[in-house]
J.: 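What follows is a single structure, and I will ask about it in a moment.
Below, chains carry the letters A, B, ... as their sequence lines are ordered, and counting in each starts from 1. If you're wondering where the values come from, they're calculated on a predicted model, not measured in any experiment.
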Amino acid sequence: MTFVDNYPKATRVVKASFIVAFIALAIGGLFGTIQALHRTNIFRGFVSSVEYYTVLTGHGVLLALVFTTFFIVGLYQWGVSRSLDREPENMRFTWSWFWIMTIGTVLTTIAIVGGLVPGSSISAAVLYTFYPPLQGHPLFYIGAALLIIGSWMAGADWFRSYLVWRKDHPDDKIPLLTYMTLFTMLLWYICTIGVALEVVVLLIPWSLGFVTNIDPLLPRTLFWFFGHAVVYFWLLPAYFVWYTILPKLSGGRLFSDSLARVAFLLFLLLSTPIGYHHQYADPGISIGFKFWALVGTLIILLPSLMTAFTVISSMEHGARQRGGKGYFAWMGALPWNDPAFVGVALAGIMFAAGGFSGMINASLNINMLVHNTAWVPGHFHLTVGTATALTFMAITYWILPQLTGRTLKYKKLALAQPYTWFLGMTLMSNALHRAGLAGIPRRTAEPEYAGFAFEAPFGTIAEMKWQIAIGGVILFVSLVMFLAVIVRSWVGGERVPNPVDDYIPPPLSGSEHSPAILDNMKLWVGLAIILVLFAYTFPLAEMVMDGLFSPGAPPSPV
Amino acid sequence: MHIHRFEKIWIGLSLFLIAVCTGIVIYGFVALDLKVPGIADSGTIDPMNLAETEFAQPGVRKVGENEYEVYMVARQFLFLPGTGRPLTLPAGAEVTFHVTSPDVLHGIHVSGTNLNTMVIPGQVATFKTVFPEARTYGMICHEYCGPAHHTMEGLIEIVPPSEFDETTLLTSR
Amino acid sequence: MATPQESNAPTDAPAAEAVMSEERSDIVREISLEEFTPSGTLAVTGAYFLLLLVLYALMYFVEFAGNGPSIIN
């Protein structure tokens, strides 16, 4: 008996979400490889340098917004059904959020890919940040709004299950998998207010021509109200895996249930009010609020550093139960031959490096050294591109058998896949970071300039180009390996009663040690809203006071 | 709540790290004069009517002994001044840049330096610096601004003060 | 075996137990909360802490502060 036998209805929606996620991953990954070859000038035959920006938009939207969101709703549906021991309350509602998200994704994708069709009047080469006055086709914004609305409904579905569960369990602590799901969704509700206002109130009417001009700073600020918290929306599901599943894969148990809860509620409190740290280089935002973002961003290191300790100690517990010894040698006792473990562990190691470059990004004035350089994609390919993406891929090796009732096939290929990803990302990311220090910009089809040449502080420009291009190709190979394993296992795995050991042992220090206040959602949401109001009321009021659409600039269709 | 003694040590170290990083940034900001762009005193301007502002005539103005102001317009896909003919400035002078855009978001990164700002229509990016030595710097747009974004570049030529040709200066309004 | 505080569903219990006895043969001994001292974790995170501190200072004072001209106001 595994998940599919216990929760057949939930299984279908999880599988459907994973299918959309993996299609987005395949297309987005292909686009990424084209970019790696194009911008390094290794091969520019796939697209023109104008179409490059359409490909870049597709890469960002399909991976950072679509792949992540669909995988997350699938993963969280799995976690909620399993930990509350419930099917969704009303399948019609559950399928309606899935289809609203999917229709939104299709509309947005049509708007983007239209830019690659000769003679098409549809295009949206606005990148995934879609800063106006660059203007995409209205379908781009409408689709994005539907994707977000669908994800809100998914969250509502899980809260509904929780409330029903609560009636039967008035005194229990919230099961950890559900706790993490609900807190992530609370964060998501708060931060998406920004982007929903931006898209629905400003961009959709503007893209449809109801208003002509737009004030560029206001939508940009609303985007970043959402745009930093969204990285925690990507990251917290990876933490969900690291806290609850990785200890088991390591052969151990979660060290502390309470600290896991503390980390999640700190993210709920801190992740939205610090969005300004993406606007350190912006005129029109006062230095006081930039300082607030600096302090808030550095404090949000705390839940991540706490996570590092709790997760590593849970792995150490597993390693010692498996006979590991010493201060460092215990790591050798971990199951380095289990694809799910290896992928999640390597994702964690890369996140440690990404954490460092993130500290640099966060630190106000040193941001001037790296702002909008290749350093930034170097950073987030370690975080969302590996900590999140590789965790999602690897945990699929463990969850998919629970959804299909079939064993994993191509196990050696599956084992090689995370190592391949790690290698490709090491090459690409280190070179992107160093290219950024040399001043090479991000988001550029041809980072070569007529008047001057870049000077590299570490290594040479030519060597960086090759590392980026080769790294990008290796990442694509790894992606193909992943898809091969998944497709083959999905249709060709052997049906057995227990295709994978899906038992999760209880934490060493369990929820009986967790203070009840950690489960008080009203308290933490209230505090989170107060912090957001403190950070955003004054600057937004200032931008809105002179008129929603002014100072207005005319649209620039791309 | 059960917290292992090692984990308490780790939380202490984490808080220490956060404090040290905050301290370093504040030290750099205050003592080393490493600043970031902020709100311009002039407030917002109308991007569709730059002709009625100082940006009607982009260029360099002398505002004091060894003090200059640069009014620059970044637009699809050039910097004025900077693209085509280099922006020329004397070494060692205090230079204040004022940059705005009439169309879309742009950015300026003076390559190989910490001079880096967004350029946003309706806002004026203002920052002061000193170029200590005579040399030429490349300047690029670092925010995607449309199909020819990758061609948007300019040059800043820093010359010894004795060679600086003041006849290129604009007269103040 | 399913304690009430367990973080996952009680329905895991029956089937999972059978699987567990087979597959968890890699565990040579159970270590309880009281017995467990995460000294390896303190060593790993302590090394990471030192690395962060040194790299951050180097990036700030050498790469950044030495990369002038900078914005001074």
Side-chain angles (χ1 to χ4, degrees), chain B residues 2-38 41 67 89 91-97 108-117 125-133 135 137 156 158, chain C residues 1-14 16-17 19-21 23-73:
Chain B
H2 175 271
I3 305 179
H4 191 274
R5 143 178 83 88
F6 285 2
E7 185 133 23
K8 285 180 186 153
I9 296 175
W10 174 247
I11 292 173
L13 285 176
S14 301
L15 291 170
F16 176 75
L17 182 75
I18 291 166
V20 167
C21 292
T22 312
I24 288 179
V25 173
I26 293 172
Y27 173 80
F29 196 89
V30 175
L32 304 178
D33 250 349
L34 297 164
K35 301 285 202 292
V36 296
D41 303 331
E67 276 182 52
L89 291 164
E94 273 196 1
V95 183
T96 305
F97 284 80
I108 295 183
H109 190 193
V110 181
S111 200
T113 77
N114 301 324
L115 302 176
N116 192 334
T117 185
T126 300
F127 58 94
K128 187 193 275 187
T129 190
V130 174
F131 293 96
E133 46 167 348
R135 56 162 281 192
Y137 293 96
I156 302 180
I158 307 300
Chain C
M1 62 112 241
T3 56
Q5 295 83 12
E6 188 185 323
S7 68
N8 57 314
T11 48
D12 271 341
E17 191 127 55
V19 177
M20 170 127 169
S21 51
E23 292 210 355
R24 294 280 89 169
S25 56
D26 52 344
I27 294 176
V28 294
R29 70 187 185 97
E30 296 273 344
I31 301 175
S32 71
L33 178 62
E34 291 70 30
E35 292 170 280
F36 179 53
T37 309
S39 44
T41 304
L42 194 65
V44 172
T45 51
Y48 181 54
F49 168 80
L50 289 177
L51 191 69
L52 285 181
L53 214 55
V54 169
L55 282 177
Y56 188 89
L58 274 179
M59 275 295 291
Y60 200 93
F61 292 109
V62 180
E63 280 305 305
F64 172 52
N67 191 49
S70 303
I71 296 174
I72 57 173
N73 211 333

J.: Less than 4.5 Å to any heavy atom of chain B: does that hold for the side chain of C:S39, its backbone, both, or neither?
T.: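 The answer is both parts of C:S39.
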J.: When you look at B:L115 and B:F131, which way does the side-chain contact (heavy atoms from CB on, under 4.5 Å) test go after all the steps?
T.: CA-CA 11 Å; B:L115 302 176; B:F131 293 96; 3.6 Å; yes
J.: For C:Y48, enumerate each residue passing the side chain to side chain donor-acceptor pair (under 3.5 Å) test, keeping only those at least two apart in sequence or located in another chain.
T.: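 Side chain to side chain donor-acceptor pair (under 3.5 Å) list for C:Y48, sorted by chain: empty.
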J.: Taking B:I24, B:L32, B:V20, B:N116 one by one, which has the highest count of heavy-atom pairs under 4.5 Å against chain C?
T.: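 Among B:I24, B:L32, B:V20, B:N116, the one with the most close pairs to chain C is B:I24.
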J.: Relative to chain C, which of B:N114, B:L34, B:L13, B:L17 shows the most heavy atom pairs under 4.5 Å?
T.: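 Top count of heavy-atom pairs under 4.5 Å with chain C: B:N114.
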J.: Counting heavy-atom pairs under 4.5 Å with chain C, which one of B:D33, B:T113, B:T96, B:V110 comes out on top?
T.: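 Highest number of heavy-atom pairs under 4.5 Å: B:T113.
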J.: Can you tell me how far CG of C:L42 sits from CZ of B:F6, rounded to the nearest 0.5 angstrom?
T.: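 Reported value, rounded in 0.5 Å steps: 5.5 Å.
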J.: Quick test of your reading: applying salt bridge (Lys or Arg N to Asp or Glu O under 4.0 Å), list the pairs with at least one residue in residues 11-21 of chain B, sequence neighbours left out, ordered by first then second residue.
T.: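 Matches after skipping sequence neighbours: none remain.
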J.: Quick one: does NZ or CZ of B:K128 land under 6.0 Å from the six-membered ring centre of B:F97, within 45 degrees of the ring axis?
T.: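 Not satisfied by the 6.0 Å and 45° rule.
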J.: Using the rule given for side-chain contact (heavy atoms from CB on, under 4.5 Å), can you reason through C:L33 versus B:H2, listing the C-alpha separation, both sets of side-chain angles and the distance that settles it, and then say yes or no?
T.: CA-CA 10 Å; C:L33 178 62; B:H2 175 271; 3.6 Å; yes
J.: Among B:G112, B:P132, B:G28, B:S14, which residue has the highest count of heavy-atom pairs closer than 4.5 Å to chain C?
T.: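 Option with the top pair count is B:G112.
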J.: Closer than 3.5 angstrom, by distance alone: can the side chain of C:E35 be matched with the main-chain N or O of C:S32 as a donor-acceptor pair?
T.: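 Yes; judged by distance alone, with no hydrogens or angles, the pair exists.
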J.: Which of residues 55-63 of chain C have a heavy atom under 4.5 Å from any heavy atom of chain B?
T.: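 Contacts with chain B: C:Y56, C:Y60, C:F61.
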J.: According to side chain to side chain contact (heavy atoms under 4.5 Å, CB included), who are the partners of B:P37, at least two apart in sequence or on a separate chain?
T.: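 Residues passing side chain to side chain contact (heavy atoms under 4.5 Å, CB included) with B:P37: A:M368, B:T117, C:I71.
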